[in-house]
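In what follows, a structure is listed as structure tokens, so that the remarks can point back to it.
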Amino acid sequence: MKTDFKFSNLLGTVYCQGNLLFSPDGTHLYSPVGNRVTVFNLVDNKSYTLPFSHRKNVARIGLTPQGNLLLSIDEDGQAILTNVPRRVAMYHFSFRSAVTALSFSPSGRYFAVGLGRKLEVWHVPSTPDSNAEGDLEFAPFVRHHTHVGHFDDVRHIEWSSDSRFFLSASKDLTARIWSLNPEGGFTPTVLSGHRQGLVGAWFSKDQETIYTVSKDGAVFDWQYTARPGTDNEMQVEDESNLQWRIVNRHYFMQNSATLRCASFHPESNLLVAGFSNGLFGLYEMPDFNMIHTLSISQNEIDYVTINKSGEWLAFGASKLGQLLVWEWQSESYILKQQGHFDSMNSLIYSPDGQRIVTTADDGKIKVWDIESGFCIVTFTEHTSGVTACEFAKKGNVLFTSSLDGSIRAWDLIRFRNFRTFTAAERLSFACMAVDPSGEVVAAGSLDSFDIHIWSVQTGQLLDRLTGHEGPVSSLAFAPNGGLLVSGSWDRTARIWSIFDRTQTSEPLQLQADILDIAFRPDSLQIAISTLDGQLTFWAVSEAEQVAGLDGRRDVSGGRKITDRRTAANVAGTKSFSTIRYSTDGSCLLAAGNSKYICLYSVTTMVLLKKYTVSVNLSLSGTQEFLSSRHITEAGPAGLLDEQGEASDLEDRIDRTLPGAKRGDPSARKRMPEVRVNSVGFSPNGSAFCAASTEGLLIYSLDNHVQFDPFDLNMEITPASTLAVLKQDKDYLKALVMAFRLNEAGLIQRVFQAIPYTDISLVVEHFPSVYVARLLRYVAAQTEQSPHVEFCLLWIKALVDKHGAWLSANRGKVDVELRVVARALSKMKDEIRKLADDNVYMVDYLLGQAAGDKAGAAAAQGDEMLLEWTPVAGTEVKALPLSATGPALHDILDDDEVEVGEEDWIGLE
């Protein structure tokens, strides 16, 4: 089995903190998710996560106006510049302090960052595609200018449309106007008058008006006018009498809510504001006409942005992990996604491998589509944490167990709960297993030491299996049915025959409490993980241990921020809480309360590979060594609130308490601990998934980016394509260029010019982004072209070289595969019909040819001598005249032919 799994995608989390960004064309949305950035395609309803990761959570992201470069900055000011089309991190850079604001100029040549009270303007680094040499630069980030003047953190930066000026809004109650370069007659201007810190400041479309918005809900209109009471035209024209003044004041008038975020769209004069009570309002400026308000969340809205056309509004709420895109004209959702509020407990792949189901402590069950990356349905019927989930064999029925004392069965076609199983007394079910036939479901709890068995058809409790002396922690049915294995905290595992209601053997004795049990797909072996970090393997038929390994050194790693001992001596991370066999049973995947996922070989009992779940220092348990300078007499510095009374009150309000209007002085920051609660292999074995603290991590074998190598090259013409084909003999490049131009005649010319000996080589390196189109084209040629074998070679090469990709993307290429199947079926029928029609004609022609040949030989027998060259060592014989007929070959093969003397012909 291959072990080179690589990070492919991040599901389960859609927004954590920071700002949201629309792409220049408004079709993609960039969202910070922990220490990564996820891109949502709002047109095709797909999402993907960029492959790089920061050392801390991403705080700010910025995109160039061309959309080709993404600058992401984490909480410590460490930045990564990414080439978006190629999804490659180009440069790493440190701003040496926390970045509070980031904005690119409309010209794409500069970007401004807010570093606390300081503003810095930097040149945008050039890319290898834009510079003359095509190479990366050694020091790409060059500072253009530094501005100081604010007395508190800069919250927002906005550029003018001509990139000559920019605005900065700060918590010091002021906004300031700066120039990129020295301008004649211009001095930096301060706009003061607000009573609370500013949220944002923007230019109008004509740059004659500036709008500033503060946290108390005040909106001020600023214009460059003369002083009030100046009536003389000479005085009005005098520059000394002109300055930026407040011409209008507007207020949002939200009762107890405060303004959290705002955004302005100059082209349509739309101002959108998000409040701490989950409401947002849409207003038309400069008259401040309210278009509509809507409640989209139960918690505060952290960020809002508008796309370039002004049609879509994007909102992010970090507390609930919500991400929404709202089309205000039609008043409908374009995107509405939310991750789990609490940590995920378990996951399971659907039998077809297209979906992943996750359960969490928030009582929700979410079904994620792997292809799109979106949550397609959420079940909320459980009233407490959901602990386990399992699919029936056919894949349309899902079973879940919960701490609320119920086992529920879900119909994934109609998306409804059709059966609920409960026990006679109130129990909190911690584990569950489903018989492969889907007829029986079993569950174990931490309150009772019994195993409950229900009938799926009737919903009745069939039996209670007793015998364990501690809480049941894990259950697993044999894949071939009939046997149930249970593990308990009493350090025993028991094998039950469900239909006989008996134990098949003595309890399997182990040295520590059992955490998880996994069945090998062939039902001949089980793996058991225990609290002491041991993995033991047992033969089911003999109930004997066949192998074992110590995984304590492999899984341990990462020191939590509150630990007083080193990572090697901490006991809490030295066990596997979840284990799963691979699809072919050759490997075992194991993970626990640490940052590592271990992949073991079942046959050799060695560690094949160790995957690091996260390098995010914002999580506790990712560092191997702690620095003593971060330890104070009051505890770890990372858990202390440095702002104290200066922090905003609404950040401390506990809204779960009725009437709570003041902050909680005892509230402290908490760092989530890195851990993996569940792992699972996909049914085809090409990927595995892990439910971690940061979300649903998918590791895949075929995670190559579908990138068109000619996306950035505009010099593609029919002439250049033919030149590449004829002069350079670069058939692969010529074929891709022909598909880029999408001209049928050119594609056919290039396609037929490729030698049949090079077909497999061309197809092997053909970009997967064009595979579907090539498959469809070859199928069409198979139906139309007389070159039958040529087209069959193309189809065979496509299936051989891209079979894994075609299988994984069956939904996308289903139409193309149907066209290929139809073309092959049509060709087979035509050849069979041709052969059936011509079989008698062929037999007749062969018979005629044989008869003509024999007649000609007989006619010439009396007139010519037959020459026969004997084999060395054989006797030369004279041939009889009668032997010149059809039986000539029989006589030549017979050494003892008796003939009369008159029949011999002398040989001269």
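- We find the CG-CD distance between N417 and E381 to be 5.5 Å, quoted to the nearest 0.5 Å.
- A cation-pi contact links R87 to Y48, judged by a cut-off of 6.0 Å to the six-membered ring centre and 45° from its axis.
- Under the 3.5 Å distance criterion, with hydrogens and angles disregarded, a donor-acceptor pair is assigned to the side chains of T359 and S346.
- Relative ring orientation between F52 and H54 is described as perpendicular, the plane-to-plane angle rising above 60° on a 0-90° scale split at 30° and 60°.
- Residues F688 and Y611 place their aromatic rings such that the two centres sit under 6.0 Å apart.
- Distance check, rounded to the nearest 0.5 Å: CD1 of I407 to CD of E390 gives 11.5 Å.
- A ring-centre distance under 6.0 Å is found for W326 and Y333.
- For S474 (side chain) and I517 (main-chain N/O), a donor-acceptor pair under 3.5 Å exists by modelled atom type.
- At least one donor-acceptor pair closer than 3.5 Å links the side chain of K366 to the backbone N or O of Q338.
- A search for ring pair (Phe, Tyr, Trp, His ring centres under 6.0 Å) contacts involving F391 returns nothing, not counting sequence neighbours.
- Between F315 and F280, the ring center distance clears the sub-6.0 Å criterion.
- Results of the side-chain contact (heavy atoms from CB on, under 4.5 Å) test with N57 over L619, N616, L617, D74 single out N616 as the only residue that passes.
- Annotation: salt bridge (charged side-chain N to carboxylate O under 4.0 Å, His left out) contacts involving residues 28-56, sequence neighbours excluded, comprise K46-E371, K56-D76.
- When the side chain to side chain contact (heavy atoms under 4.5 Å, CB included) test is applied to F415, the partners found at least two apart in sequence or on another chain are R355, V377, F379, L412.
- In terms of the side-chain hydrogen bond (donor to acceptor under 3.5 Å, both in side chains) criterion, residue partners of S682 (sequence neighbours excluded) are, by chain and number, N684.
- Looking at R260 and D302, a side-chain N of the basic residue comes within less than 4.0 Å of a carboxylate O on the acidic one, giving a salt bridge.
- Atom CG of residue D342 and atom NZ of residue K364 lie 9.5 Å apart, to the nearest 0.5 angstrom.
- The NE2 atom of H28 sits 13.5 Å away from the CG atom of L21 when rounded to the nearest 0.5 Å.
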For this session: Report the C-alpha separation of N41 and S47 in whole Å, then their side-chain angles, then the decisive distance to 0.1 Å, and conclude whether the side-chain contact (heavy atoms from CB on, under 4.5 Å) test is met.
Result: CA-CA 6 Å; N41 187 334; S47 68; over 6 Å; no

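- In this structure T387 satisfies the side-chain hydrogen bond (donor to acceptor under 3.5 Å, both in side chains) test together with S401, sequence neighbours excluded.
- Put simply, the side chain of D516 never gets that close to the backbone of S529: no donor and acceptor are under 3.5 Å apart.
- Residues passing the side-chain hydrogen bond (donor to acceptor under 3.5 Å, both in side chains) test with S332 are S330, sequence neighbours excluded.
- Put simply, the side chain of T612 never gets that close to the backbone of S614: no donor and acceptor are under 3.5 Å apart.
- Looking only at atom types and distance, the side chain of E673 has no donor-acceptor partner in the side chain of S620 under 3.5 Å away.
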